[in-house]
Amino acid sequence: MSVLDNVAVAPAEDDAAGIAALAAAFAAQRRAFAADRAPPIGTRRERLGALIGMMTANRVRIAAAVADDFGAHPAPASDLIEVLGVVGRAAHVLEHLDAWMQPSARHIDPALFGTASARVEYQPKGVIGNMVPWNFPFDLSVGPMVDMLAAGNRVIVKPSEYTPACAALLAEMVAATFDADLVTVAIGGLDLARAFSATPWDHLLYTGSPNVGRQVMAAAAANLTPVTLELGGKCPALLTPGAVTPRNVESVIGTKIIKSGQMCVSVDYALVARGEVETFVEQARAFMARAAPDYSRSGESTGMISPRHLARIEDMLGEARDRQARIVELEDGGAVDPATRRMPMSLVIDPPADLRVMQEEIFGPVLPVVPYDDLDEAIARIAAGERPLGLYVFGGDPAVNARVLASTHSGGAAINTCAVQSALPSMGFGGSGMSGMGRHHGVEGFREFSNARGIVVRGDGDMIDAFYAPYAKAAALVDAALSPG
Ligand code: NAD
C-alpha cells in the first residue's frame, strides 16, 4: 500500500483538501465499522502485532524525525519513550486483552429477577479521533492507538502542526501498515484542527493545553461526543522536611531536563523547606555537573519546539531577572543556541507569586524553587491551586507522604520519584479538574475506549411484572421488602 492510498493525508498547507480528506476518511471508517462492529480477539491481536512491527521497523527514522522537529533531541530518549514505551504498552495489552474482553458477570437479585443473569460487555465504541500535541509525537499518537485498537475501534490521528517531520513519517508508517478505513492520519493546520474537533466521533481524545481543551470539548459537545482530555498544568514536587538528598534532587532535576522540560508530567516547581533551599541548589549543581555539565551544548539536550516557544521561556526568565529574582544557572558557560533552540537549565529561587513562572505552566528548562516554613502551609498551597496532572512527594516518612496525598488532589502522583505514574502500561493515566478527564494506558484505557454495555437476560420465576400496571403487586412487594423484621 502506498501513502497515496491513505485518503486522509493532505499537504499541511492545504487545509481545505485536508478537511475534505478527513470527512472522506471518517465516512470510510464509519462504513467499515458498521460492517465489523465486534472484531474478535485474533483480529485485534494482529492489529497490535502490526503496530509493534511498525514502531520497531521505523525506530531510527522516528529518532531522526523527532530531532528534525525539535532542532536537537537525544536519540536514546526517542527510543526509550517514543518507541520502547509504545511497544511495551502494546505487549502489556496483548498479555491481558483476553481477560479484559471477558464479560463481567453482575449480581441480580433472585427475589425480584428469578433466574435472570446480568453482565457487562466491553463493546468497541466505533471511530475515534486523536488530537496529538507536539511534545511526544509518537508516544501520544500511537500509544493511545494501542488502547483504541485493543478495544476494537478505528482511529484517525491528527498530529500537531509543530512537528511536520514526525507527522509525515507517522502518515507514511500508518499507510504502510493499516488500511485507511482502520487507521489513518489527518494532517493540516488550525482549520483542520477545528474541523477535526467538530467531527461526530464516537469518542475524541485531545492532548494539549487546558485553553484549547476547553474549545475542543465545546466543539465535541455539539455532537455529544464523549471526550478524554489530557491537559497540562503546574505539577509540584513537594520535598518534605529532610527530603533534600542527592537521590531526590537528581529525580527532580533529572526529570525537569527530560525534553528540556517540555513534558506535561514534568516538575513545574519545587516546594522546599526554607532551611534546605541552599542544599537543594548545591545538589542541583552537583547533579548537573556530574550528569550533563555542558547540557545546552551537548547531545543530552532537546531544543525548544519553535522559536516562539524558545522566546516565551526567555521572556519568562527575563521577567524574573527584571524583578530581581535570584536565578541560578546550573550550567557554567551555558547559553541559548538559536540554531538548535537548546537552552541551559536554570533555577529561580523564591520567585514572587505574580511572576509568569509561577502563573503559567513553564514547559521549559526553568524550575522555580519555592521555600516553605511549615509543611501544612506547603500542602495547603497545593490544595488551593488547580488540580495538577502529577504530584510528586519526597520524604522518608510514609505517614507524612500519605498525609500529603490525603490532603490534595491530582490526576496521578508519585512518591520519591517524578513522572513514573505516566509511564506504566499497567496503570491508567490522566488528569483531574483542569489537568483533564478520562484515562488511557492499562485496563482503564481499554475501558475508556469501550462501551460498557450492561446486558440482562431474563429467566424464570421473576417479578418483573411488578413494574407494570396495575401497581398493587408493586405495593405488596415494596411493603414486604421494607417492613422491619
Ligand atoms: P495546545 O493546546 O496549545 O495546541 C494543541 C493543538 O490544538 C494545536 O495543534 C492546534 O492546531 C490545535 N488547536 C488550537 N486551537 C484549536 C481549536 N479551537 N480547536 C481545535 N484545535 C485547536 O497544546 P500544545 O502546545 O500542542 O501542547 C502543550 C500542552 O499539552 C501543555 O499544556 C501540556 O501540559 C499538554 N500536554 C498534556 C499531556 C497529557 O497527557 N496530559 C501530554 C502532553 C502535553
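Both ligands and their constituent atoms are indexed starting at 1 by order of listing. We number each residue from 1, following the sequence as shown.
The closest side-chain heavy-atom distance from Thr163 to Ile305 is below 4.5 Å. Side chains of Pro368 and Met358 form a contact here, defined as non-hydrogen atoms less than 4.5 Å apart.
Closest to atom 12 (C) of ligand 1 by heavy atom, among Ala198, Cys235, Ala193, is Ala193. Ranked by closest heavy atom to atom 29 (C) of ligand 1, the top entry among Gly436, Gly390, Gly208, Gly232 is Gly208. Here atom 4 (O) of ligand 1 lies nearest to Tyr206 when heavy atoms of Phe363, Tyr162, Tyr206 are compared. By heavy-atom distance, the residue among Thr207, Ile305, Leu231, Asp139 lying nearest atom 41 (N) of ligand 1 is Leu231. With atom 19 (N) of ligand 1 as the reference point, the heavy atom nearest to it among Arg194, Glu230, Met131, Gln262 is part of Arg194.
Distance from atom 9 (O) of ligand 1 to its nearest protein heavy atom, with residue and atom name: Glu161 OE1, 2.6 Å. Protein heavy atom nearest atom 27 (O) of ligand 1, with residue, atom name and distance: Pro133 CB, 3.7 Å. Of the protein's heavy atoms, Val212 CG1, 3.5 Å lies nearest to atom 7 (O) of ligand 1. Protein heavy atom at the shortest distance from atom 36 (N) of ligand 1 is Cys264 CB, 3.4 Å. Here the protein heavy atom with the shortest distance to atom 14 (C) of ligand 1 is Leu190 CD1, 3.4 Å. Of the protein's non-hydrogen atoms, the one nearest atom 18 (N) of ligand 1 is Gln215 OE1, 2.6 Å. Of all protein heavy atoms, the one closest to atom 24 (P) of ligand 1 is Trp134 NE1, 3.4 Å. Protein heavy atom nearest atom 23 (O) of ligand 1, with residue, atom name and distance: Ser209 N, 3.5 Å.
Lys234 and Glu360 are not joined by a salt bridge, as no carboxylate oxygen comes within less than 4.0 angstrom of a charged side-chain nitrogen. Residues Glu329 and Arg321 are paired through a salt bridge, judged by an N-O separation under 4.0 Å between the basic side chain and the carboxylate. We find that Arg31 and Asp181 are not joined by a salt bridge, their nearest charged nitrogen and carboxylate oxygen being 4.0 Å or further apart.
Interface atoms of ligand 1 facing Leu389, defined by a heavy-atom separation under 4.0 Å, are 39 (C), 41 (N). The contact set between ligand 1 and Ser197, taken as ligand atoms under 4.0 Å from a residue heavy atom, comprises 19 (N), 20 (C). In summary, the atoms of ligand 1 found under 4.0 Å from a heavy atom of Phe429, numbered by their order in the structure, are 40 (O).
A donor and an acceptor atom, one from each side chain of His203 and Thr228, are located under 3.5 Å apart.
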Check against ring-ring contact (aromatic ring centres under 6.0 Å, His included), Phe449 and His440: CA-CA 8 Å; Phe449 303 121; His440 59 94; 7.1 Å; no
Salt bridge (charged side-chain N to carboxylate O under 4.0 Å, His left out) between Glu82 and Lys259, intermediate numbers included: CA-CA 12 Å; Glu82 306 274 10; Lys259 214 105 186 181; 3.5 Å; yes
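Only the side chain of Leu140 comes within 4.0 Å of ligand 1, counting heavy atoms alone; its backbone N, CA, C and O stay farther away. Here Glu361 has side-chain heavy atoms under 4.0 Å from ligand 1, and that is the only part of it that gets that close.
For ligand 1, the polar-atom distance check against His309 finds no nitrogen or oxygen pair separated by under 3.5 Å. By the 3.5 Å distance cut-off applied to N or O atoms, Ser435 is not counted among the residues near ligand 1. Checked by distance only, ligand 1 and Asn135 stay at 3.5 Å or farther apart across all their nitrogen or oxygen atoms.
The number of heavy atoms from other shown groups lying within 6.0 Å of CE (Met101) is above 12. Atom CZ of Arg59 is surrounded by 12 or fewer heavy atoms from other residues, nucleotides or ligands within 6.0 Å.
The ring of Phe446 has its center no closer than 6.0 angstrom to the ring center of His96. Ring pair Phe33/Trp201: centre-to-centre distance not below 6.0 Å.
Each of Arg439, Arg89, Lys125 was scored for a salt bridge (Lys or Arg N to Asp or Glu O under 4.0 Å) with Asp147, with one residue passing: Arg89.
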